[in-house]
Amino acid sequence: MPAPTLPEKRWSIDLEKKIQEAHSENEQEYTARYGFNPNSGKEIFVIDTPPPYPSGTWHIGAVAQYSMIDVIARSQRLLGKEVYFPWGVDRNGINIEFVVEQNTKRKMKTYDREEFLSLCKETIEEFTQAMRNTAKRVGLSCDFSKEYLTDSPEYRQVTQAIFVELFKKGEIIEDLRPNIYDPVEGTTIAEAEVERQSRKTKLVDIKWYTEDGVEVIISTTRPELICACGIVVVHPDDERYRNLVGKKIILPVPVSGRETSVEIKTHASVKSDFGSGVLMVCSFGDQNDVAIFRDMGLTPFRAIDLDGCMTSIAGPWNGNKVIEARKAVIDYLEENGKIHDIVEREQEIPVSERGKNPVETILLKEWYVRQTHIQDRMKEHIEEIEFHPARNKQFLIDWMDNISIDWPISRRRWYHTEIPIWYSQDETKVIVPPSGTYVQPWKDSPPIDSRVLDRETREDMGSYQELKQNLGEISGEEKVFDTWMDSSNSNLFVSGYLNHPELFEKAFPTALRPQGKEIVRTWLYYTLLKSTLLLDKPGFNHVWIDGLGMDPWGRKMSKSLGNGIDADSVLECGAGGKTGSWKVKGPDKSVSLRANKIGSECFRLWKACDAQVGDDFHINPEEIEKKYYGVLTKVFNVARFASMFPCPDDLDTTPADLAIEDKWIIAEFQSMMSIVEKSWHELDIYTATQALKSFATGVLPSHWLEMVKSRLYDDDEAAAWTIHRIVRDFLSAFSPICPFFSHHISLTIYSKSAVDVDSFPVNIVDELAVDMQQGDDLRKLTTSIQEFNSSTWNAKKDAGISLNKPISGIMIPDELSEFTKILTSMHSLE
RNA sequence: GGGCUUGUGGUCUAGGGGUUAUGACGUCGCCUUGACAUGGCGAAGAUCGAGAGUUCAAUUCUCUCCGAGCCCA
């Protein structure tokens, strides 16, 4: 038997790691291969890679998604495009602040701001390094030499410049609006940081009177907020109160600086069976109150200040803490005979996750990006974007239909991009920095070439340098941006906005936004909003929205469920002979999962093959190995078999003396390859991978290879040419999915790596000058060939004859008459 | 609580108004055949989540319910 030029007997994880390390050892070589060269003259394809947020462990589902983004990057390179696959890390945000607070057991606000920021930076840098390693281990072909960090001055200055630009255009405004606020910690907090706690509270039934003297009982747990009551509502179907609707009702407590009565109206959100069925709506007792205020177009009252005290509208209770005011108001009502009943009851109240302090919804002056006025225009832009899968576009459209308020972008936190603005002493003018500078107004003075604008009209009043003397003592903004304000610039940043105008010209709209479906309403929406506001263009050509990685039973992976699977353990499974085992809590009991070898190539193949884009996918290492490791083995062995026979010097010129079976398999191969090429163009990983897999594990080895074995052993050059040409081109088409696997085999047998191929393999049928019709005719025989082979194998089996022994009495069907010779020798027909 | 998405053999999956409903893994049976037992060949296994409606015809369309997921309250 001839010796194979592919020496390894089988694919292994150690081999994979060896190849992978060699692959990125030489930085120059790596960059030449995967770096972005905007001047190559090729079509530019910029991928707006989601910058991952480092938090210690990287979710295996996210790693799987990134590996598919890499498949897209590599397949676009294979199609001849100049791909920019950037590597960014999102490092702004409250999460890292919490980690530092937890590690040091100290609240952020007890630190010096500068000291706290440097602690955050140190901590996030450790997490970032782990993430880079995993990214490389799963084979991402990012241009790591151009890594960007969203907390770097280079990135933050872009966020700030965009803020200034939108501010000047009037698309960013200041307003007094409801925010969730923790009065003890003294900060606004996000919805995500609110939890519910059960506490005993007094439900007070208060007698109210309409202006014409009708008594109405209203239940509330927040009597101190009567001063902020804007409306009283009942359910539209509630017969009991029909006659009250439209009347005015008098507030039962004294107030100052506002009307002393409110109107009674209907609202569908009222629960008729709660208390008396009449609801007073205050700004702002809870989220429902906020919603009703918004629905009814009411102007909110500011009842509670930043220290958690009542404001002047509370009349006699002005300045009281909320809890004190509640007691005092109940006392007052009791003294005046306006209490009908008081019952103690358990109630869920919103508290802050950190301090367990009851939170208030209060009015604060915050910065907003205007968005309600631009929805129609955005939708026009979205029509121009191709979504993968198309149905996931609905997530975005539905969300947009629900947008009713502007986007609040200011936060009272620290490890974020600062809002780049200073205020004049009289607060009527603002100072904004020039584009290209990163500023920290809480500690810095404005750069000398900053501009002075009117705070209301946005009119440019001149340079800071000239007007400096007239501004009085200026103060820098202390608030920072919501992190989505940074993240939603990622496509602009990687496409060269502000920094590389000539690239931006060619690269925008950004070719592709790949992301998970859970952040359609945030990352995708805000990014598209920015491109509409700033450039009046769609942000992308393609948006690719993947599903989420779930546990083996289809549930979300979480620490509390104990059903998480660590990404590194799957990628390292099988390395150094170490097998993997995972204890995962199932719905009923804990289950032990075991696998011998997986690695990055098998993991990628699994994700590419097992789920359509957009569907949630179940992650079970046992299944990944069982279903897909064998495919790698099979492809490896086909290649190894091919490598036993000398490769013709010229694989690119089709020999004239191909046998009919060679032409047949080439027709099959070509049909598969054109599906793959089309799929790569359409970013359809699933279809491409399925086509490659079924060809390489099915018709090629089982039927064609079995037929031509004897010709190969007899040094038939046409058969050798055919197998080598197919294996070589197959590896090129397969390399986006399993790059190291394809790289190693192709480099060993053909001295040229499949990952360096930068145009899709040419059509051999065209080369053969076989027209398409003839190719189709040949492929029509595939079923007959498979059926004939099967029936012959079965006949031998039934007769108890070994497969390599002769058999008689088998008739070759008419349509396969051209194959008579090869089929006769294949099955030793007599 | 609301909106959206989703539910196909034991498991994962393709498809989609009329088909013997696709493929893979697993299971079972057979086979050491000149690359591959980490293999080859073959077989069994599904009233397409439940109920109702539209239709000559529904797994596919509509509605309700149940389960799962995402986001927002």
Complementary nucleotide for [N] - Watson-Crick or wobble, under 3.5 Å:
N: B/C30; answer: B/G40
N: B/A68; answer: B/U5
N: B/C56; answer: B/G18
N: B/C63; answer: B/G51

For atom [atom1] of [X] and atom [atom2] of [N], their distance in whole Å:
X: A/Tyr713; N: B/U33; atom1: OH; atom2: C1'; result: 11 Å
X: A/His618; N: B/U6; atom1: NE2; atom2: C1'; result: 10 Å
X: A/Ile13; N: B/U38; atom1: CD1; atom2: C1'; result: 12 Å
X: A/Glu625; N: B/C12; atom1: CD; atom2: P; result: 19 Å
X: A/Gln612; N: B/G23; atom1: CD; atom2: P; result: 17 Å
X: A/Phe695; N: B/G23; atom1: CZ; atom2: C1'; result: 17 Å
X: A/Ile745; N: B/A35; atom1: CD1; atom2: P; result: 18 Å
X: A/Asn789; N: B/G40; atom1: CG; atom2: C1'; result: 13 Å

Note to self: Under 5.5 Å centre to centre and under 30° between planes: does that hold for A/Trp793 and the six-membered base ring of B/G42?
What the structure shows: no

Rounded [atom1] spacing from [N] to [M] in Å:
N: B/C66; M: B/A50; atom1: P; result: 15 Å
N: B/U8; M: B/U13; atom1: C1'; result: 9 Å
N: B/U60; M: B/G17; atom1: C1'; result: 6 Å
N: B/U22; M: B/C56; atom1: C1'; result: 28 Å
N: B/A68; M: B/G49; atom1: C1'; result: 11 Å
N: B/U32; M: B/U47; atom1: P; result: 37 Å
N: B/C12; M: B/G7; atom1: C1'; result: 13 Å
N: B/U27; M: B/G9; atom1: C1'; result: 12 Å

Check: Which pairs count as salt bridge (Lys or Arg N to Asp or Glu O under 4.0 Å) when at least one residue sits in residues 572-581 of chain A, sequence neighbours excluded?
Finding: A/Lys17-A/Glu572, A/Arg137-A/Glu572

Next item on the list: Output every pair passing salt bridge (Lys or Arg N to Asp or Glu O under 4.0 Å) with a member in residues 599-608 of chain A, not counting sequence neighbours, ordered by first then second residue.
Entry: A/Asp70-A/Arg604, A/Asp546-A/Lys607

Hey, does [X] reach any base, or is it just sugar-phosphate, or nothing, if we go heavy atoms under 4.0 Å?
X: A/Leu705; answer: base
X: A/Ser643; answer: nothing
X: A/Tyr686; answer: sugar-phosphate
X: A/Lys626; answer: sugar-phosphate
X: A/Asn620; answer: nothing

Residue [X], side-chain atoms from C-beta onward, closest of [options]:
X: A/Arg391; options: B/G34, B/U6, B/A24; answer: B/U6
X: A/Asn794; options: B/U6, B/A35, B/C41; answer: B/C41
X: A/Leu803; options: B/U38, B/A35, B/U33; answer: B/U33
X: A/Trp399; options: B/C72, B/C36, B/C12; answer: B/C72
X: A/Val638; options: B/U5, B/U38, B/A35; answer: B/A35
X: A/Pro701; options: B/A35, B/A24, B/U38; answer: B/A35

Check: Should the pair A/Lys597 and A/Tyr629 be classed as cation-pi, given the thresholds of under 6.0 Å to the six-membered ring centre and 45° from the axis?
Finding: yes

Notebook entry, point to check: Has A/Arg640 got its NZ or CZ under 6.0 Å from the middle of the six-membered ring of A/Trp11, at an angle within 45 degrees of the ring axis?
Noted result: no

Check: Among side-chain atoms of A/Asp610 and A/Tyr628, is any donor-acceptor pair under 3.5 angstrom?
Finding: yes

Next item on the list: May I ask you to check whether A/His744 and A/Glu8 show a side-chain donor-acceptor distance below 3.5 Å?
Entry: yes

Next item on the list: Using the ring pair (Phe, Tyr, Trp, His ring centres under 6.0 Å) rule, pick out the option among A/Trp484, A/Tyr526, A/Tyr368 that qualifies with A/Trp407.
Entry: A/Tyr526

Notebook entry, point to check: At under 4.0 Å, does any side-chain N or O of A/Ser702 touch on OP1 or OP2 of B/C41?
Noted result: yes

Check: Can you tell me if the side-chain N/O atoms of A/Gln690 get under 4.0 Å from OP1 or OP2 in B/A24?
Finding: no

Next item on the list: Using atom types as modelled and distance alone, determine if a side-chain donor or acceptor of A/Glu16 lies under 3.5 Å from a backbone N or O of A/Ser600.
Entry: yes

Checklist line | A/Asp684 (side chain) donor-acceptor with A/Thr687 (main chain) under 3.5 angstrom | finding: yes

Using a cutoff of under 3.5 Å, can you pull out all pairs of nitrogen or oxygen atoms linking the protein to nucleotides 66-70 of chain B, with atom names and distances?
from: B/A68; atom 1: O2'; to: A/Gly554; atom 2: O; distance (Å): 3.4
from: B/G69; atom 1: O2'; to: A/Asp616; atom 2: OD2; distance (Å): 3.0
from: B/C70; atom 1: OP1; to: A/Lys556; atom 2: NZ; distance (Å): 3.4

Check: 5'-most contact on RNA chain B: A/Ser790 or A/Lys805, nearest heavy atom basis?
Finding: A/Lys805

Check: Start at the 5' end of RNA chain B and walk down; is the nucleotide closest to A/Pro552 or to A/Arg10 reached first?
Finding: A/Pro552

Check: Between A/Glu383 and A/Lys393, is there a salt bridge with N-O shorter than 4.0 Å?
Finding: yes

